[in-house]
Amino acid sequence: MSILVPTAPHADTLHRDALTVLQPGFVGTVPPDWLRRHLAAGLGSVALFARNVTDQGQLAGLTAALREENPDVLVAIDEEGGDVTRLEAGSGSSWPGNLALGAVDDPALTRDVARELGRALAACGVNYNWAPSADVNSNPGNPVIGVRSFGADPGLCARHTAAWVEGLQSAGVAACAKHFPGHGDTAVDSHHGLPVVDVDVDRLHSRDLLPFKAAIRAGAKAVMTAHIVVPALDTDHPATLSRAVLHDLLRAAPEDGGLGYDGLIVTDGIEMGAIADTYGTAEGTVLALAAGADAICVGGGLADEETVLHLRDAVVAAVRAGRIPEQRLADAADRVRRLGAWARARAAAAVPVEPDLAVGLRAARRALRVVRAPGRSWAPVTERPYVASFSPAANIAVGDATPWGVAGMLAARLPGTRARGIGPADAAPDRRAALVGEVLAEAQDRRIVLVVRDVHRHAWMAAAVEDLLAARPDAAVVEMGVPQAPPVGALHVATHGAARVCGLAAVEVLTGQPPALG
């Protein structure tokens, strides 16, 4: 006599739910066969990166192909605007980033920018955006947030986070406030290591949590966790893996000391060094779901079927072993599906509207801060300048493929423009005097424009700029990162970010086109 073990339906449900909570990436500009199979089997989300995008038409075709297998699929992208763009990685963003919007401090403008960005995404079939960054950039030396934050003031960050969420979601694209409970007071990039934010609970509530509370009130459909340790909340686990952070703080009702959030909780990239190098991707996935996360972001680095199967099987095994309650996984999968259904309904009801690209440039112009040195004359650049661009190592979140700076834009307007890129090795202490001599010899009688990015964070850059300004005090400085005390040249232009439109606005100032100086 044979014994029938009725495990197949239950097993199918477990595997389907385990697939649903994953948000994987892939390589290429069309969906591979393995991705189509897993979408049909229940995969709830797909993550897009710059490697998946060539143009709007291609992206629209790609997202349509994904929906052939799962009409409710969440198509996610990391499109913050500003320095972090996947939609326009080859050219630079049409939208200024958070710091520029915070510098203007007009929530209506922030709402408009996010709405138009959302329309651009929706036109391509993207319905879920891992943005905005709600982090308060309280540490000016922060290596990973910086211009991605609205600023260092919690109240300012809160009102602009809410406006950004409202604007994006008005276009039918789900917003995702990140990185909970706040990545702004860190000196370590969680792509590489595990940062620690050692502040008390009162400080967290009065500073870091304010923008997330605002995002929740604004109806943010998702919140992304941070791979940071906050000892005041949990001494043993980073926030992504911490029940104290995800359940007791973010999810619990206000009367129980929580924020009462009932939307989707998604992890930051589970293959990032802070998790992968400490716990491993599979164990990190299991611990995150057990702690209260609903979805696992993966695919920035690990973008293949093997990764999907590895994480799916780890989740299924953890449920069977009792490490993840079966209901916890079911609830997580249900939240993913509900958000997918919301996005599908919004898309079905939407009347397509072309994004107004002029909004981005207007915002970038308003974000400029222009200072002329007292006692030094400045006249617009009208012919063949010399542009020296100082390039630090790229932030992984930003990537090194997206162009930045003003050299190409000046060359397009002023034929004969000469440009030079300068990196840390070029400006090393034993090379600096030679570098200055080379720049002066190459520039000769040309007007000099020095383009920097977070000069306050890079001693090599600050020293080289200081030496060049001592020799050519008539030079202009364009700061495209977080501006601190400006280097003293004849002109200082702070763009508050390196989006393409920020560069265009700076070029207007350098060449005497609107907006006017002063």
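Just so you know, these numbers use all the heavy atoms, side chains as well, and skip hydrogens, waters and symmetry mates.
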Could you walk me through whether L74 and L339 pass side-chain contact (heavy atoms from CB on, under 4.5 Å), step by step? CA-CA 8 Å; L74 289 170; L339 183 54; 3.8 Å; yes
Beyond-backbone contact of [X] with [Y], side-chain heavy atoms, under 4.5 angstrom:
X: F150; Y: T161; result: yes
X: V315; Y: L289; result: yes
X: D153; Y: V136; result: no
X: L249; Y: F180; result: yes
X: V30; Y: L62; result: no
X: N127; Y: R67; result: yes
X: L241; Y: Y279; result: yes
X: W460; Y: F390; result: yes

Any chance you could lay out the side-chain contact (heavy atoms from CB on, under 4.5 Å) test for L66 and V75, step after step, and finish with the verdict? CA-CA 8 Å; L66 295 173; V75 181; 4.0 Å; yes
Answer yes when [X] and [Y] have at least one side-chain N-carboxylate O distance shorter than 4.0 Å, and no when they do not.
X: E79; Y: R86; answer: no
X: R328; Y: D294; answer: yes
X: R323; Y: E283; answer: yes
X: D331; Y: R335; answer: no
X: R337; Y: D17; answer: yes

Residues at least two apart in sequence or cross-chain that pass side-chain hydrogen bond (donor to acceptor under 3.5 Å, both in side chains) with N52, listed by chain then number, are none
Is it true that [Y] and [X] share a donor-acceptor pair across their side chains at a distance under 3.5 Å?
X: N137; Y: S149; answer: no
X: S93; Y: T85; answer: no
X: E479; Y: H496; answer: no
X: H160; Y: N98; answer: no

To the nearest 0.5 Å, what is the distance between [atom1] on [X] and [atom2] on [Y]?
X: T63; Y: L48; atom1: OG1; atom2: CG; result: 8.0 Å
X: H237; Y: L246; atom1: NE2; atom2: CG; result: 11.5 Å
X: C297; Y: D268; atom1: SG; atom2: CG; result: 6.5 Å
X: D304; Y: T307; atom1: CG; atom2: OG1; result: 3.5 Å
X: D454; Y: M461; atom1: CG; atom2: CE; result: 7.5 Å
X: E305; Y: D33; atom1: CD; atom2: CG; result: 10.0 Å

So the salt bridge (Lys or Arg N to Asp or Glu O under 4.0 Å) pairs with at least one residue in residues 207-223 (sequence neighbours excluded) are D185-R207
So salt bridge (Lys or Arg N to Asp or Glu O under 4.0 Å) across residues 112-126, not counting sequence neighbours, yields D112-R115, E116-R119
I'd like to know if the side chain of [X] and the backbone of [Y] have a donor-acceptor N/O pair within less than 3.5 Å.
X: R312; Y: T20; answer: no
X: R346; Y: A174; answer: no
X: H456; Y: A462; answer: no
X: Q23; Y: A47; answer: no
X: S242; Y: P238; answer: no
X: D83; Y: A498; answer: yes
X: E271; Y: G299; answer: yes

All side-chain contact (heavy atoms from CB on, under 4.5 Å) counterparts of [X], not counting sequence neighbours:
X: A65; result: P31, R36
X: E80; result: D78, V84, A131, R148, K178
X: Q56; result: A123, C124

For P195 and H183, the nearest pair of non-hydrogen atoms, with its separation, is CG-CE1, 4.0 Å
**Message:** Applying salt bridge (charged side-chain N to carboxylate O under 4.0 Å, His left out) to R16 and D12, what does each step give before you reach the verdict?
**Reply:** CA-CA 6 Å; R16 189 171 192 86; D12 287 347; over 6 Å; no
Exercise for the section: Find out whether the Lys NZ or Arg CZ of R453 is both under 6.0 angstrom from the six-membered ring centre of W404 and within 45° of the ring's axis. Expected result: yes
TODO: Decide side-chain contact (heavy atoms from CB on, under 4.5 Å) for W34 and V308; before the verdict, give the C-alpha distance in whole Å, the side-chain angles of both, and the deciding distance to 0.1 Å.
DONE: CA-CA 10 Å; W34 66 263; V308 172; 3.8 Å; yes
Is it the case that more than 12 heavy atoms not belonging to D256 sit under 6.0 Å from its CG atom?
-> yes
